[in-house]
Protein chains: 2
Amino acid sequence: MAVFLSTYVNKIDRKGRVSVPAAFRAALTPVSTKGIVAYRAVKLAAIEGGGLDRAEDLSRRIDRLPELSDERDALSAILGELRPLDFDGEGRIVLPTDLVRHATLSDAAVFVGCGPTFQIWEPERFRRHQEEMRARIRERGLTLPPGETP
Amino acid sequence: MAVFLSTYVNKIDRKGRVSVPAAFRAALTPVSTKGIVAYRAVKLAAIEGGGLDRAEDLSRRIDRLPELSDERDALSAILGELRPLDFDGEGRIVLPTDLVRHATLSDAAVFVGCGPTFQIWEPERFRRHQEEMRARIRERGLTLPPGETP
DNA sequence: CCATTTAATCCCATGCTATCCCATACAGTC
DNA sequence: GACTGTATGGGATAGCATGGGATTAAATGG
């Protein structure tokens with residue numbers, strides 16, 4: 001699966017278009033070179049995105065939850081939020097207005113790599129979020145899960 | 001995994017390029033000879049770096065945490081900080097401006113081997129830091145744990 | 001069912017920046 | 001003292017982000 005790293009800031013033009021960073025486009029798997037999927041982040045004022053294959057992945061994972069469970073009902077609602085967004089000839093996407101509102105985007109968008117997914121933030125909001133996360137790691141002494149032990 | 005040792009001082013040219021010490025490049029594992037990853041050190045005014053395989057490793061370990069968990073949200077913010085930096089034909093990298101600012105670099109960079117990772121410092125800052133660390137060992141009477149006994 | 005307006009898509013032009021490529025200096029080695 | 005590899009500098013080039021029209025598709029109203 002694709003791995004998104006690093007952070008990029010791109011402009012949103014008056015038509016609502018943004019270039020997806022070339023590095024992110026290059027990271028997409030061959031099955032999803034035509035575009036990405038985007039949806040409102042559940043707990044953050046940001047847009048969450050990933051390759052088109054992520055839709056399938058999410059669907060499969062939710063399908064593992066017990067049927068008729070509240071948990072499943074809630075999480076499967078995410079699937080309805082997924083927006084496939086195709087690139088134009090220059091590797092740009094058009095951000096749907098409701099996603100723009102959810103992330104309070106105006107004229108610039110920060111693309112943040114999160115491994116198998118990425119996030120799209122309003123610059124100032126992202127700066128604050130990043131500081132908060134850094135502080136949380138430092139103060140709570142969060143540590144990484146260990147690597148594989150075969 | 002790669003092992004970085006010793007200390008090297010290289011110049012930063014007006015384009016922001018620095019040669020990664022040949023010894024460090026040689027220490028990289030075959031899977032990551034194309035470049036390195038760099039990120040702001042969490043507790044120091046320095047840049048931390050390692051092989052590209054380190055990024056994959058981090059991503060894989062964070063991906064083990066359940067999605068939508070607070071812990072994952074915090075730790076995945078680290079991935080956005082990771083900058084994959086490719087070598088040019090001469091083994092140089094270009095340091096992103098925000099990393100340069102974080103480490104207050106200007107025209108020279110000190111590469112310090114720290115085993116599986118390395119650090120990049122502004123020369124004068126590094127000198128002070130080094131003295132401080134030596135003093136801490138002396139004053140607090142810090143000791144090394146013994147080696148393994150198989 | 002057609003006409004008119006609106007919105008979305010495609011296509012090309014531009015400036016910038018990062019990347020490539022070659023050229024030089026310098027040091028250690030044989 | 002010639003040679004190899006490393007560090008460093010600078011010009012040329014290609015890729016990328018961005019902006020603006022033109023063309024097409026969709027939505028709305030008659």
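What you see below is based on every heavy atom in this structure, not just the backbone, and it leaves out hydrogens, waters and symmetry mates. Proteins get letters first, then strands, A, B, ... in listed order; numbering begins at 1 in each. Predicted, not measured: the structure shown is a model, and the values here were computed from it.
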List the protein contact pattern of nucleotides 20-25 of chain C with one symbol per nucleotide (5' to 3'): B for base contact, S for sugar-phosphate-only contact, - for none; contact means a heavy-atom distance under 4.0 Å.
-> BBB---

Between CG of Asp53(A) and OG1 of Thr29(A), what distance do you get to the nearest 0.5 Å?
-> 4.0 Å

Residue pairs fulfilling ring-ring contact (aromatic ring centres under 6.0 Å, His included) with at least one residue in residues 20-69 of chain A, sequence neighbours excluded = Phe4(A)-Phe24(A), Tyr8(A)-Phe24(A), Phe24(A)-Phe118(A)

Got a sec, which pairs hit side chain to side chain donor-acceptor pair (under 3.5 Å) with one end in residues 78-91 of chain B, sequence neighbours left out?
-> Ser6(A)-Arg83(B), Gln130(A)-Glu81(B), Arg134(A)-Glu81(B), Arg40(B)-Glu81(B), Arg83(B)-Asp98(B), Asp88(B)-Arg92(B), Glu90(B)-Arg92(B)

Within this structure, what is the CG-to-P distance between Asp13(B) and dT19(C), rounded to whole angstrom?
-> 13 Å

Kindly say whether Arg72(A) contributes a backbone atom to a donor-acceptor pair with the side chain of Ser76(A) at under 3.5 angstrom?
-> yes

Tell me, please, which residues at least two apart from Arg127(B) pass salt bridge (charged side-chain N to carboxylate O under 4.0 Å, His left out).
-> Glu124(B)

Give the rounded distance in Å between these two atoms: NZ of Lys11(B) and P of dC26(C).
-> 9 Å

Whole-Å distance between dA18(C) C1' and Arg83(B) CZ?
-> 14 Å

Heteroatom pairs (N/O) under 3.5 angstrom, protein to nucleotides 27-30 of chain C:
none

Using the side chain to side chain donor-acceptor pair (under 3.5 Å) rule, collect all pairs that involve residues 14-26 of chain A, keeping only residues at least two apart or in two chains.
-> Asp13(A)-Arg17(A)

Is Arg54(A) salt-bridged to Glu67(B), cutoff N-O under 4.0 Å?
-> yes

Ser106(B): side-chain contact (heavy atoms from CB on, under 4.5 Å) partners, not counting sequence neighbours = none

Contact check, side chains of Leu95(A) and Leu105(A), non-hydrogen atoms, under 4.5 Å | yes

In short, the helix from dC1(C)-dG30(D) to dC30(C)-dG1(D) is bent end to end, axes from five pairs each side, to 10°, by 30°

Rounded interatomic separation in angstrom, taking CG from Leu85(B) and C1' from dA18(C) = 12 Å

Does a side-chain heavy-atom distance below 4.5 Å link Trp121(B) with Val112(B)?
-> yes

4.5 Å side-chain heavy-atom contact, Gln119(A) and Ile47(A) | no

What are the 5'-most and 3'-most nucleotides of DNA chain D lying under 4.0 Å from any heavy atom of chain A?
-> dC16(D) to dG21(D)

The remaining residues in the hydrophobic cluster of Val94(A), counting side-chain heavy-atom contacts under 4.5 Å among Ile, Leu, Val, Met, Phe, Trp and Tyr, are none

Here the residues of residues 116-124 of chain B within 4.0 Å heavy-atom distance, strictly under, of DNA chain C are none

Can you name the nearest heavy-atom pair linking Cys114(A) to Leu79(B), along with the distance?
-> C-CD1, 3.5 Å

If a pair satisfies ring-ring contact (aromatic ring centres under 6.0 Å, His included) and one of its residues is in residues 77-96 of chain B, list it, with sequence neighbours excluded.
-> none

Measure the distance from NZ on Lys34(A) to P on dT9(C) and round it to the nearest whole Å.
-> 15 Å

Hey, are Lys43(A) and Asp73(B) close enough for a salt bridge, meaning a charged N less than 4.0 Å from a carboxylate O?
-> yes

